[in-house]
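Working notes, beginning with the structure itself.
As a basis for the values below, the full set of heavy atoms in this structure was taken, side chains included, without hydrogen atoms, waters or symmetry mates. Computed from a prediction, not measured in an experiment: that's the story for all the values here.
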Amino acid sequence: MVFKTSRISADRESERADERALIVRCKNGDIGAFDELYKRYEKRVFNCAYHISGNYHDASDITQEAFIRVYNSIQTFRATQIF
C-alpha cells in the first residue's frame, strides 16, 4: 500500500506543478492558460456555489464573479498557494 500512497502523492504534486505553470503563464498574459484554469475549476466552483446558494442562477453568477476576481487579481497570486 505504500506504493499506492506514493503514487497518489506524486500525481498530486505533478498536478500542482502543472497548475503553478499555468498561473505563471497567466501572469505573463497568456489568456489560453487562464482558459485552461477555468475549464479545470469551473465545475468545482459552480458546485460549491450551488451548494451554498441552492439556486442555479445564483450559482452561475457567483461562479462568474469568482473567475472575474481571479482574473483581475492573478498578478498577486503567490506560486506557493493552491489555486
Side-chain angles (χ1 to χ4, degrees):
M1 292 310 258
V2 173
F3 176 75
K4 186 174 184 179
T5 302
S6 297
R7 181 174 167 87
I8 291 170
S9 295
D11 288 347
R12 285 185 185 153
E13 186 54 40
S14 175
E15 185 176 312
R16 287 184 183 139
D18 188 39
E19 180 182 285
R20 284 190 295 268
L22 283 172
I23 291 168
V24 168
R25 287 175 46 206
C26 286
K27 286 182 170 191
N28 290 326
D30 185 342
I31 299 299
F34 185 80
D35 188 48
E36 179 62 30
L37 285 174
Y38 177 82
K39 288 176 185 175
R40 287 185 185 193
Y41 292 100
E42 183 267 337
K43 189 176 280 187
R44 289 185 210 177
V45 172
F46 176 85
N47 287 338
C48 181
Y50 185 79
H51 179 74
I52 292 168
S53 70
N55 181 286
Y56 177 87
H57 296 291
D58 289 344
S60 293
D61 289 345
I62 292 165
T63 301
Q64 181 178 4
E65 181 64 28
F67 279 99
I68 289 169
R69 287 180 181 210
V70 168
Y71 183 82
N72 288 332
S73 62
I74 196 75
Q75 294 299 325
T76 62
F77 193 83
R78 293 186 310 253
T80 57
Q81 295 173 311
I82 297 173
F83 186 76

Test of understanding: with side-chain hydrogen bond (donor to acceptor under 3.5 Å, both in side chains), list the residues that count as partners of D18, not counting sequence neighbours. R40
All salt bridge (charged side-chain N to carboxylate O under 4.0 Å, His left out) counterparts of E15, not counting sequence neighbours: none
Considering only Ile, Leu, Val, Met, Phe, Trp and Tyr, and joining two whenever side-chain heavy atoms are under 4.5 Å apart, list the other residues clustered with F46. Y50, Y56
Pairwise salt bridge (charged side-chain N to carboxylate O under 4.0 Å, His left out) hits with a residue in residues 43-62, at least two apart: none
Indicate yes or no for a side-chain donor-acceptor contact from T63 to the backbone of A59 under 3.5 Å, with no hydrogens or angles considered. yes
When rounded to the nearest 0.5 angstrom, what is the spacing between CD1 in I31 and OH in Y71? 3.5 Å
How about V70 and F34: do any of their side-chain heavy atoms sit closer than 4.5 Å? yes
All side chain to side chain contact (heavy atoms under 4.5 Å, CB included) counterparts of I62, not counting sequence neighbours: A49, S53
Rounded to the nearest 0.5 Å, what's the gap from NZ on K27 to CG on L22? Could you check? 13.0 Å
Side chain to side chain contact (heavy atoms under 4.5 Å, CB included) involving D30 - partner list, sequence neighbours excluded: R25, A33
Show your working on salt bridge (charged side-chain N to carboxylate O under 4.0 Å, His left out) between E19 and R12 and close with a plain yes or no. CA-CA 10 Å; E19 180 182 285; R12 285 185 185 153; over 6 Å; no
Sorted by chain and residue number, the side chain to side chain contact (heavy atoms under 4.5 Å, CB included) partners of R69 (sequence neighbours excluded) come out as E65
How far does CZ of F67 sit from CD1 of I74, to the nearest 0.5 angstrom? 10.5 Å
Please identify each residue that fulfils side-chain hydrogen bond (donor to acceptor under 3.5 Å, both in side chains) with Q64, with sequence neighbours left out. none
